[in-house]
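Below: the structure, in structure tokens.
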Number of protein chains: 2
Amino acid sequence: MINSSILLKEYNLKVTPQRVAIVDELYSNGHMNIDELYKKLLEKFPSISLATIYKNVNAMVEKVFLNEVKIPDAKSVYELAKEEHSHLVCSSCGMIEDIMIDTSILQSSIKAQSAFKIQNVDVVFSGLCKSCQK
Amino acid sequence: MINSSILLKEYNLKVTPQRVAIVDELYSNGHMNIDELYKKLLEKFPSISLATIYKNVNAMVEKVFLNEVKIPDAKSVYELAKEEHSHLVCSSCGMIEDIMIDTSILQSSIKAQSAFKIQNVDVVFSGLCKSCQK
DNA sequence: CTGGGTGCAAAGTATTTGCATGAAC
DNA sequence: GTTCATGCAAATACTTTGCACCCAG
């Protein structure tokens, strides 16, 4: 479990039931797009507005405690910020999985080629998950 | 230079001046979003429609001779398909640069962790380009 | 000729904004 | 009590579609 209220407070966001639910859902589902969040929260808050989802997700992304993950050929999904990691995306079923990889090798490769100063690396692997390979 | 007509024919797309211009622009500018393409083509075709841009870009992406590149905190850009490469994106000026990196190390790291079958890897480095570091 | 592309207008989808009310602190 | 979130409706932005006309092959 996760203590969503404390988390929200730490980021100077007022603790509302809707926000708690957003954090809880993302905690249990890992990655969700706006629509999935909306449909899920409708179960708990029958009159919740899509605008509320957008406003809150945007606010949390601003505070850098949610990340937006851009996926090829799909809508962006959101996840709770955590240590740096990459993503596996199944192009058949859409499943998204976190994976730890060491990107330091890549970064040193860049340094050798360019004067670019890297602040962040996004890596998305697309392919087939175990069950979709059958 | 590039022979856009031949390229279009190879991909079974009729050769129209608008399409040639799209290919030429992407060839000379490297990466452009829909709006940049539209504004640029307006110079040559004052009555070109945004719909034409969308239809053609989508058609070319279908034929896999354009790629869509999703960029953090920015609109997608399109580029002519070429050998696999990664992208450097300057978060200050928006400049996008191609870079060759060897992703095979990453891929073997995945194999060790997961039964996932990788078909594609997208890598985007965000940071500061040389001139924006000053 | 014939098929498909173009531009326009309209429809559709996605996202943001303004505002009155109500909840959090 | 004050600040800020919510839900609603409207506005804006983005993308696709239908269709009449025209061009490429």
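Bear in mind the structure is a predicted one, so any value in this text is a computation, not a measurement. Residue numbers begin at 1 in each chain, while the letters A, B, ... track the order of the sequences.
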inquiry  = Between the opening five pairs and the closing five pairs of the helix from dC1(C)-dG25(D) to dC25(C)-dG1(D), how far apart are the helix axes, to 10°?
reply    = 50°
task = Indicate yes or no: does Lys82(B) engage Asp98(B) in a salt bridge with an N to O separation below 4.0 Å.
result = yes
query = Between atom CZ in Phe45(B) and atom C1' in dC8(C), what is the gap in whole Å?
reply = 18 Å
key: Interatomic distance, Glu36(B) CD vs dC14(D) P [rounded to whole Å]   = 13 Å
request  = Would you classify Ser47(B) as touching base, sugar-phosphate or nothing, given that sugar-phosphate means primed atoms plus P, OP1 and OP2, and contacts are heavy atoms under 4.0 Å?
outcome  = sugar-phosphate
ask   = For the atom pair NZ (Lys39(B)) and CE (Met32(B)), what is the distance rounded to the nearest 0.5 Å?
value = 10.5 Å
query = Side chains of Glu79(A) and His85(A): do they bring a donor and an acceptor to under 3.5 Å?
reply = yes
key: Between Ser76(A) and Glu68(A): side-chain donor-acceptor atoms closer than 3.5 Å   = yes
query = Residues in side-chain hydrogen bond (donor to acceptor under 3.5 Å, both in side chains) with Glu62(B), at least two apart?
reply = none
query = With the sugar-phosphate defined as primed atoms, P, OP1 and OP2, and the base as all remaining atoms, what B/S/- string results for nucleotides 14-21 of chain C, 5' to 3', for protein heavy atoms under 4.0 Å?
reply = SSBBB---
request  = Please collect all ring-ring contact (aromatic ring centres under 6.0 Å, His included) contacts where either partner lies in residues 39-79 of chain B, sequence neighbours excluded, each pair once.
outcome  = Tyr11(B)-Phe65(B)
ask   = Rounded to the nearest Å, what distance is computed from the CG atom of residue Asp73(A) to the C1' atom of nucleotide dT15(D)?
value = 16 Å
ask   = Rounding to a whole Å, what distance do you find between Lys44(A):NZ and dT6(D):P?
value = 14 Å
message = Less than 4.5 Å apart, side chain to side chain, heavy atoms only: is that true for Glu83(A) and Met100(A)?
response = yes
message = Rounded to whole Å, how long is the line connecting atom CG of Asn56(B) with atom C1' of dT16(D)?
response = 14 Å
query = To the nearest angstrom, how far is Leu8(A) atom CG from dT3(D) atom P?
reply = 21 Å
For Gln133(B), all residues meeting side-chain hydrogen bond (donor to acceptor under 3.5 Å, both in side chains), sequence neighbours excluded = none
Side-chain touch Leu13(B)/Arg19(B), heavy atoms, less than 4.5 angstrom = yes
inquiry  = If I take atom CD1 in residue Ile53(B) and atom P in nucleotide dC8(C), what distance separates them, rounded to the nearest angstrom?
reply    = 12 Å
key: Of residues 10-27 of chain B, the positions that come close to DNA chain D - non-hydrogen atoms, cut-off under 4.0 Å   = Lys14(B), Val15(B)
request  = Look at atom CG of Asn120(B) and say whether more than 12 heavy atoms of other residues, nucleotides or ligands are closer to it than 6.0 Å.
outcome  = yes
task = Only one of Asn58(A), Ile48(A), Asp35(A) passes side chain to side chain contact (heavy atoms under 4.5 Å, CB included) with Ile53(A); say which it is.
result = Ile48(A)
